[in-house]
There are 2 protein chains.
Amino acid sequence: MATGRAHRPATRSRGIPEATVARLPLYLRALTTLSERSVPTVSSEELAAAAGVNSAKLRKDFSYLGSYGTRGVGYDVEYLVYQISRELGLTQDWPVVIVGIGNLGAALANYGGFASRGFRVAALIDADPAMAGKPVAGIPVQHSDDLERIIEENGVSIGVIATPAGAAQQVCDRLVAAGVTSILNFAPTVLSVPDGVDVRKVDLSIELQILAFHEQRKAGEDTAGEGGVDTTPPAAPPAAAVRRRTDDGTEQGPDGDVPAVMPA
Amino acid sequence: MATGRAHRPATRSRGIPEATVARLPLYLRALTTLSERSVPTVSSEELAAAAGVNSAKLRKDFSYLGSYGTRGVGYDVEYLVYQISRELGLTQDWPVVIVGIGNLGAALANYGGFASRGFRVAALIDADPAMAGKPVAGIPVQHSDDLERIIEENGVSIGVIATPAGAAQQVCDRLVAAGVTSILNFAPTVLSVPDGVDVRKVDLSIELQILAFHEQRKAGEDTAGEGGVDTTPPAAPPAAAVRRRTDDGTEQGPDGDVPAVMPA
DNA sequence: AACTGTGAACTATTTCACAGCA
DNA sequence: TGCTGTGAAATAGTTCACAGTT
């Protein structure tokens with residue numbers, strides 16, 4: 001059992017950089033908007049602005065896909081939509097199951113961005129018998145006892161986990177055993193999966209913590225310790241000597257923290 | 001108006017790499033779990049496994065914070081929890097507003113991971129008058145007319161946008177005008193913000209698209225075109241010559257896509 | 001003996017800047 | 001002339017491997 005993702009480091013056939021892959025959906029969204037407005041062509045500069053990146057990066061990214069632009073003109077919007085969709089595998093239909101139909105699961109089920117991009121919510125699964133049969137986003141929730149059958153019958157290879165943290169690994173194991181090879185995990189846990197299974201994590205609180213880090217920096221530049229209320233005094237240092245690399249003298253309290261659990 | 005984040009490229013005081021900052025919450029979660037189990041110390045190897053990274057990376061990351069370990073022994077769990085919390089700014093109390101109380105907003109309001117990490121949901125705001133006064137996660141929803149007042153009265157500097165895409169920029173502008181300097185955006189739009197305002201984006205469908213890309217690769221290695229159902233034929237190429245870098249002959253259809261909208 | 005902390009090597013990603021084409 | 005496509009340079013991030021410490 002390996003932990004985490006398995007991004008085929010060897011046998012990398014056409015080698016599109018991971019950073020580029022992560023931006024393709026961004027470009028696709030921007031292009032889709034242009035397409036709706038019937039804009040026929042777009043320059044790298046314009047498209048980059050719409051996608052929130054710089055144009056050199058965008059051109060480099062596209063160069064990994066092929067030469068789909070026209071010098072002096074720009075890119076054909078429709079054609080580029082098609083090429084990126086194809087590259088991402090969105091010209092196929094991907095049946096997806098969502099496990100854990102709490103607020104978050106329901107939000108995901110209702111999320112228009114899935115259906116419109118080649119993803120089809122094949123089933124909603126929850127462990128609560130009281131949920132069974134209830135329609136969410138027009139799809140009846142099924143009990144998790146039937147998880148394996150549902151996966152197999154629908155040929156599902158992508159699963160979304162929106163359960164509480166405590167249930168996530170177990171759900172993950174069952175999904176994988178039933179044939180799922182890609183998992184999008186919203187539960188705040190590190191999942192262990194065998195080689196060949198991809199896991200991506202979306203963590204709602206991690207993003208906020210990153211913002212807090214930068215926010216703290218901003219406050220520290222003007223007046224020290226603005227923008228929040230300090231708490232209790234510093235924790236006792238460990239037995240060993242502690243030599244901090246740098247120290248700004250800001251001392252705050254420790255933190256009786258509790259691991260996060262998703263809404264069920 | 002600059003687009004996107006503004007990560008103080010100059011004046012970078014103590015220079016912790018962005019990639020490291022992004023992992024600190026991961027370490028913190030793993031440490032918190034250990035702390036609850038009353039584990040007193042942990043080695044880089046063990047902690048790395050719990051956090052899902054490798055130990056060299058973890059040690060390097062910690063080296064940017066200071067020398068908080070003891071050679072031959074490991075790291076003091078409680079002390080490290082404190083140091084990372086402090087570095088991330090989580091020893092302060094951060095009042096947060098959530099704008100857009102649909103399924104997703106409700107999921108966020110109920111999410112235990114916020115409250116337990118220095119974040120306090122100061123207010124829930126929605127544009128629907130019918131929502132006003134209704135309690136979600138024990139907090140009454142307030143109408144967006146009062147957004148500015150709420151921000152100012154509570155000294156909020158971090159805002160979470162969980163509105164439909166169409167409303168996001170407008171909400172963002174109002175948040176920023178009222179004094180918010182960090183935004184977590186769940187709406188599938190690129191937000192324009194002035195310099196000095198940080199934006200982080202969580203996009204539910206982008207992650208799935210990245211999984212689909214890798215999933216497609218897996219399928220393509222064994223039998224070509226397994227794991228999904230193909231759709232219509234290729235779009236017409238643009239007027240100009242098209243020379244693809246490589247081509248695997250897989251031709252699929254274009255895609256009359258619609259921009260995703262979050263559940264309101 | 002065990003384990004951290006860290007230069008140095010390596011790999012990935014971004015940005016520059018300009019040749020080449022329509 | 002205007003804009004793409006891309007080598008080359010610059011920067012960021014990861015991994016190695018081992019000296020140093022308890």
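Reminder, nothing fancy here: chain letters follow the sequence lines and each chain counts from 1.
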Under-4.0 Å side-chain N/O to phosphate OP1/OP2 contact, [X] with [N]:
{"X": "B:R59", "N": "D:dC18", "result": "no"}
{"X": "B:N54", "N": "D:dT15", "result": "yes"}
{"X": "B:Y75", "N": "C:dA2", "result": "no"}
{"X": "B:K57", "N": "D:dT15", "result": "yes"}
{"X": "B:S44", "N": "C:dT4", "result": "yes"}

d([atom1], [X]; [atom2], [N]) in whole Å:
{"X": "B:Y27", "N": "C:dT4", "atom1": "OH", "atom2": "P", "value": "13 Å"}
{"X": "B:L80", "N": "C:dT4", "atom1": "CG", "atom2": "P", "value": "11 Å"}
{"X": "A:L24", "N": "C:dT13", "atom1": "CG", "atom2": "P", "value": "13 Å"}
{"X": "B:Y79", "N": "C:dT4", "atom1": "OH", "atom2": "P", "value": "17 Å"}
{"X": "A:I16", "N": "C:dT13", "atom1": "CD1", "atom2": "C1'", "value": "15 Å"}
{"X": "A:Y64", "N": "C:dA12", "atom1": "OH", "atom2": "P", "value": "11 Å"}
{"X": "A:D61", "N": "C:dT13", "atom1": "CG", "atom2": "P", "value": "10 Å"}
{"X": "B:E18", "N": "C:dA12", "atom1": "CD", "atom2": "C1'", "value": "17 Å"}

Minimum heavy-atom separation for B:I183 and B:C172, please, with both atom names.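 For B:I183 versus B:C172, the nearest heavy atoms are CD1-SG, 3.6 Å.
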Check the side chains of B:Y79 and B:Q83 for a donor-acceptor pair under 3.5 angstrom, ignoring hydrogens and angles.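 Yes.
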Do the side-chain N and O atoms of A:S205 and A:Q209 include a donor-acceptor pair separated by under 3.5 angstrom? yes
ring-ring contact (aromatic ring centres under 6.0 Å, His included) with A:Y75: which of A:Y82, A:F62, A:Y27? A:F62
Looking at [options], which one has an atom nearest to any side-chain atom of [X]?
{"X": "B:S43", "options": "C:dC3, C:dT14, D:dT6", "answer": "C:dC3"}
{"X": "B:S63", "options": "C:dT14, D:dT14, C:dG5", "answer": "C:dG5"}
{"X": "B:K60", "options": "D:dT15, C:dT13, D:dG13", "answer": "D:dT15"}

Comparing B:F62 and A:A56 on DNA chain C - which has the more 5′ nearest nucleotide: B:F62
A:K201 side chain to A:A187 main-chain N or O, any donor-acceptor pair under 3.5 Å?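 No; judged by distance alone, with no hydrogens or angles, the pair does not exist.
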Check whether the side chain of B:R71 and the base of C:dT4 form a donor-acceptor pair under 3.5 Å. yes
